[in-house]
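The structure under discussion appears below in the form of C-alpha cells.
Chain letters run A, B, ... following the sequence lines, proteins first, then strands; residues in each count from 1. Note: hydrogens, waters and symmetry copies are ignored here, and every other heavy atom, side chains too, is used.
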There are 2 protein chains.
Amino acid sequence: MREERVESVERALSILEAFGSERRAMSLARLAEETGLPKPTILRLSASLIRFGHLRRDGDGTFRLGPSLWRLGTLYRRTFGMGDAVRPVLRALVAETGESASYYVREGDERICLYRELSPRGGGQRLDEGQRLTLGPGASSWVLLSWAEPHARHGLDRVRVSRGERNPGLVAVATPVLAEDGRLLGALTLSGPRERMDETAQARAAALLPEAAARIRMG
Amino acid sequence: MREERVESVERALSILEAFGSERRAMSLARLAEETGLPKPTILRLSASLIRFGHLRRDGDGTFRLGPSLWRLGTLYRRTFGMGDAVRPVLRALVAETGESASYYVREGDERICLYRELSPRGGGQRLDEGQRLTLGPGASSWVLLSWAEPHARHGLDRVRVSRGERNPGLVAVATPVLAEDGRLLGALTLSGPRERMDETAQARAAALLPEAAARIRMG
DNA sequence: CCCTCCGTTCCGCCTGGCGGAATGCCGGCC
DNA sequence: GGCCGGCATTCCGCCAGGCGGAACGGAGGG
C-alpha cells in the first residue's frame, strides 16, 4: 500500500506555509527562496491559489495570503459550535479581573487559540487568535491533556494554575469547558504578568473560571 | 500564451470549497457527491490536505476543515495591520449604542467582515466574522466604493446610512477608516433592526462613528 | 441471511506538471 | 546615458505524477 498523496497539492500548500508574521508579503524571487521551488512552478501553482482566493497578487507582483483563508478559517472555528457564547464570557472575565482571557481547543498534539480578549492594561503574553502552541508546559495544556478522557477525571482539580511554566513572567489559570455529556470542549484561561497575578488575583481567577466555563457550556 | 494553472491543486481546493455552514462534516461519499470527484481522487487529494492541516479526518472517516485554515486565516487578517486596535473600539460602540458593530475591508468586488461585536440585545443581522458579502447595496459597501480613491472624495459625506437597502429589516450606519496618508483601510459599521434604529439612534451612530474611526486610525 | 452502500486498493493509461534555458524589462550605479 | 544585475515571464521537451474504473471487503439495515 503506497502512501497516497498529491505532490502538486503539497507544493501549493508549502507556498502558503511560507508566509508568517514576519513574512506577510513576498516577491516571486523571495517565495522561490523560501520554498525552494522554481519560479515557473510557483507561477503555475499560485495561479490556481489566486483563482480560489487563497493568495492575492498585487500590481507590483507581490504575493499575500488571500481572503478565502479567512473565510475557511472562520468556518473551521464555527465547526466547534461555540456560536456567540465564548466572547461575552471572555469579556466579562477581562472586565472582572483586568487580565487577558482566552479559549483554547486541542488539535492533535497542539492547542489552538480560538478566541482571545486582551486586557486593556497590556503587559500580557503576545498571543493572538489563530496561534497554535504545543501541549507542553502551561495551565491550559494541562487542562486539555488531563480532562481529555471523560472516564479518567477522578480527583482532578477543576482549576489549574501555572506560574512561569511556559513563560517565565506570566501566570495562567485555566479550567475545562465541558459539554452536557461530559466531553471536553476546550480550556478557558486567564493570564497576566506575575506582578499583577499575585495569590489574591490567582484565587479570584480560580473562583471565577468554573462558573464562566459553565456559562459557555452547551449541549 | 496558455493559461497556467495546476488542475490537481484546484481539485484539492474545490474539496475545501465543499464545506459550508450547513456542511461542516462530510463522509467520503458525500464529498464525492458535492465535488463530483471520484472517491480515489478525493482520498489522494485529501491525504495531502490532511498532512498540511487543511482537513481533518475522524476515526469514522468523516472529513472536517482543519486548523491550518484558522491559523492562515488569522494570519491573513493580520496582514491588514490593525493589531488590537479594532475590537476595543467596536466594543465601545456596542456599549454606547446597544447595536452590533463591524469592521469591513474590501477585497476585489466583495467586502469581508474582519471583526464583529454583537449587540447583547440580539435581533441584528445574522452575520459573523469571516463572512463575505457583495459590494452591492448597503452603507458599508457605499463607503468602501466611494472612499476608495483618495483624490475623488470632494463633497463626500463622512457617514452613510442605509435603511433596508440590503436587508429590509435592518438599518446600517457606516464611516470610512483612513490611514494617516489618506488611504482607505476599511469601513466601520453599526447596524440594528429598524425598530431600534430610529432617527435618534441613527443620528447618535452618525455622531459616534467618525471619532471611533479616528481612534482606529494608524500610520 | 442477503443486499446495498460505503471506503479502500489496484493498476494501466496518459496528460498534467515540471524546470532549465532564454528573453525582456527595470532599476541602480558609474 | 549606458551598462549590468536581478527579477519576472514564457517556452517546450520530458516523464512520472495523477487519474478513475473496476474489484473487493466490510458494515449496517431489512
Hey, are A:Arg30 and A:Ser27 close enough side-chain-wise for a donor-acceptor pair under 3.5 Å? no

Are side-chain N/O atoms of B:Arg5 and A:Ser48 paired as donor and acceptor at under 3.5 Å? no

Between [atom2] on [N] and [atom1] on [X], what's the gap in Å once rounded to a whole number?
X	N	atom1	atom2	value
B:Arg11	C:dT15	CZ	C1'	12 Å
A:Ile50	D:dA8	CD1	P	13 Å
B:Glu4	D:dC11	CD	P	9 Å
A:Arg5	D:dG18	CZ	C1'	12 Å
B:Arg44	D:dG20	CZ	P	7 Å
B:Glu7	D:dC19	CD	C1'	10 Å

Side chain to side chain donor-acceptor pair (under 3.5 Å) contacts in which one or both residues fall within residues 128-139 of chain A, not counting sequence neighbours: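 Of all non-adjacent pairs touching residues 128-139 of chain A, those that pass side chain to side chain donor-acceptor pair (under 3.5 Å) are A:Arg87-A:Glu129, A:Glu129-B:Arg77.
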
One pair to check against side chain to side chain donor-acceptor pair (under 3.5 Å): A:Arg71 and A:Ser68. What are the steps and the verdict? CA-CA 5 Å; A:Arg71 172 173 55 82; A:Ser68 289; 3.2 Å; yes

Any N/O pairs under 3.5 Å between the protein and nucleotides 4-7 of chain C? List them or say none.
from, atom 1, to, atom 2, distance (Å)
C:dG7, OP1, B:Leu28, N, 3.2
C:dG7, OP2, B:Ala29, N, 2.6
C:dG7, N7, B:Lys39, NZ, 3.4

Residue list, side chain to side chain donor-acceptor pair (under 3.5 Å) with B:Arg121, at least two apart or on another chain: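 B:Arg121 satisfies side chain to side chain donor-acceptor pair (under 3.5 Å) with B:Glu99 once adjacent residues are dropped.
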
I want to confirm an ordering. Mapping B:Phe63 and B:Val6 to their closest nucleotides on DNA chain C, which one lands closer to the 5' end?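 Closer to the 5' end of DNA chain C: B:Phe63.
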
Output yes when at least one side-chain N/O atom of B:Ser8 is less than 4.0 Å from OP1 or OP2 of C:dG16, else no. no

From the list C:dG19, D:dG18, D:dG20, which nucleotide is the closest neighbour of the side chain of B:Pro40? D:dG20

Can you figure out which of C:dG20, D:dC19, C:dC18 approaches the side chain of A:Leu45 most closely?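 Closest nucleotide among those given: C:dC18.
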
Less than 4.0 angstrom from a charged side-chain N to a carboxylate O is my criterion; do B:Arg111 and B:Glu107 meet it?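 Salt bridge flag = no for B:Glu107 with B:Arg111.
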
